[in-house]
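Counting begins at 1 with the first residue of the sequence.
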Amino acid sequence: MTLTDLDHSMVARAFDRAAESYDEHAALQNEVEDRLLERVPFFNLEPSRILDLGCGTGRGSQALQELFPNAQVVSLDWSHAMLRRAGERRGAGAARVRADMHGLPFAPRRFDLVFSNLAVQWSSQEPGLFREVLRALTPGGLFLFSSFGPDTLHELR
């Protein structure tokens, strides 16, 4: 069985169980996220609405809010416990949405920036996911994401 064969609800439950201690063990994810965030200024953006797709504990959402203090940053994840942690990190008033990334519950052309750190590899429907992100982006908007490649962590095989 591959990661893409997993049932979404099973993955969500696994992330729910891991949420409390997730940040303690996310060194690789944090490093990749830091490198992705370093690239955001290269695009010379002034987004008014940002979606953090697969936000996990909200570390990226918090960094995006600091980069763009006047923007609305929406944290989206399918794990209730991860979103709770994102709320603890960003404050109770931060926009958080529990949803599947394959069916974004937003009007078309809603976001100027969709940011996603190491979440798209959980999709078994990549073309559908990319179509959904394109639907949510404003014209000229940016989808900035990271994902594992086929040789990532090959040492563990």
Side-chain angles (χ1 to χ4, degrees), residues 1-23 26 28-30 32-33 35-37 39-40 43 45-65 67-68 70-150 152:
M1 179 183 296
T2 66
L3 289 178
T4 57
D5 294 330
L6 293 174
D7 176 71
H8 288 181
S9 62
M10 185 169 61
V11 173
R13 286 191 303 272
F15 278 107
D16 281 344
R17 287 189 303 273
E20 288 302 314
S21 61
Y22 192 85
D23 287 332
L28 176 62
Q29 184 164 0
N30 292 346
V32 172
E33 187 169 65
R35 291 181 185 199
L36 191 60
L37 286 163
R39 284 154 177 77
V40 172
F43 295 97
L45 300 171
E46 274 306 318
S48 60
R49 289 183 300 268
I50 301 168
L51 176 62
D52 185 1
L53 186 68
C55 70
T57 63
R59 185 176 181 272
S61 299
Q62 181 181 25
L64 289 163
Q65 192 70 75
L67 278 172
F68 303 105
N70 296 321
Q72 177 193 26
V73 178
V74 177
S75 302
L76 182 139
D77 207 285
W78 58 29
S79 166
H80 177 73
M82 288 290 191
L83 285 171
R84 185 177 62 247
R85 297 284 296 175
E88 291 168 2
R89 179 185 299 270
R90 296 188 58 219
R96 294 170 290 148
V97 176
R98 184 173 180 251
D100 187 325
M101 62 181 138
H102 301 97
L104 299 176
F106 307 108
R109 301 181 183 144
R110 178 84 179 135
F111 297 98
D112 305 306
L113 171 62
V114 175
F115 178 91
S116 185
N117 181 50
L118 297 180
V120 299
Q121 74 272 2
W122 293 103
S123 173
S124 59
Q125 309 166 30
E126 285 87 359
L129 169 64
F130 290 117
R131 278 191 296 274
E132 190 63 6
V133 169
L134 182 60
R135 183 189 67 78
L137 277 172
T138 58
L142 175 66
F143 181 29
L144 189 61
F145 71 95
S146 61
S147 186
F148 293 121
T152 303

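Between atom CG of residue L67 and atom CG of residue L113 there is a gap of 9.5 Å, rounded to the nearest 0.5 Å. Distance OG/S116 to CG/L76: 9.5 Å, rounded to 0.5 Å. The line from CZ of R109 to CG of L134 is 9.5 Å long, rounded to the nearest 0.5 Å. Atom SG of residue C55 and atom CE of residue M101 lie 11.5 Å apart, to the nearest 0.5 angstrom. Between the NE2 atom of H80 and the CE atom of M82 there is a distance of 12.5 Å, given to the nearest 0.5 Å. In this structure, CG on L144 lies 5.5 Å from CZ on F43, to the nearest 0.5 angstrom.
For F68, there are no ring-ring contact (aromatic ring centres under 6.0 Å, His included) partners at least two apart in sequence or on another chain. Take F130 and apply the ring-ring contact (aromatic ring centres under 6.0 Å, His included) test, not counting sequence neighbours, and it matches F143, F145.
The shortest side-chain heavy-atom distance between R110 and L104 does not fall under the 4.5 Å cut-off. The side-chain heavy atoms of L37 and L64, taken from C-beta on, include a pair separated by under 4.5 Å. Proximity of V133 to V120: side-chain heavy atoms (C-beta onward) are nowhere separated by under 4.5 Å. Residues T138 and P47 fail the side-chain proximity criterion, which asks for heavy atoms closer than 4.5 Å. Residues E33 and S146 form no side-chain contact, since every pair of their non-hydrogen atoms from C-beta on lies 4.5 Å or further apart.
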side-chain contact (heavy atoms from CB on, under 4.5 Å) between R59 and N117, worked out: CA-CA 10 Å; R59 185 176 181 272; N117 181 50; over 6 Å; no
Residues E132, F106; criterion side-chain contact (heavy atoms from CB on, under 4.5 Å); working and verdict: CA-CA 10 Å; E132 190 63 6; F106 307 108; over 6 Å; no
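Heavy atoms only, all atoms of each residue included: S61 and V73 are closest at O-CG1, 3.8 Å. Contact record, S123 with H102: OG-NE2, 2.6 Å, taken as the closest heavy-atom pair.
Shown here is R135, whose CZ atom has more than 12 heavy atoms of other residues, nucleotides or ligands within 6.0 Å.
A side-chain donor from one of S48 and D112 sits under 3.5 Å from a side-chain acceptor of the other.
For the side chain to side chain donor-acceptor pair (under 3.5 Å) with S75, the lone residue among R90, Q62, R89, Q65 that qualifies is R90.
Under a 3.5 Å cut-off, the side chain of R98 and the backbone N or O of W78 do form a donor-acceptor pair. Looking only at distances, no side-chain donor or acceptor of R85 sits under 3.5 Å from a matching main-chain atom of A81.
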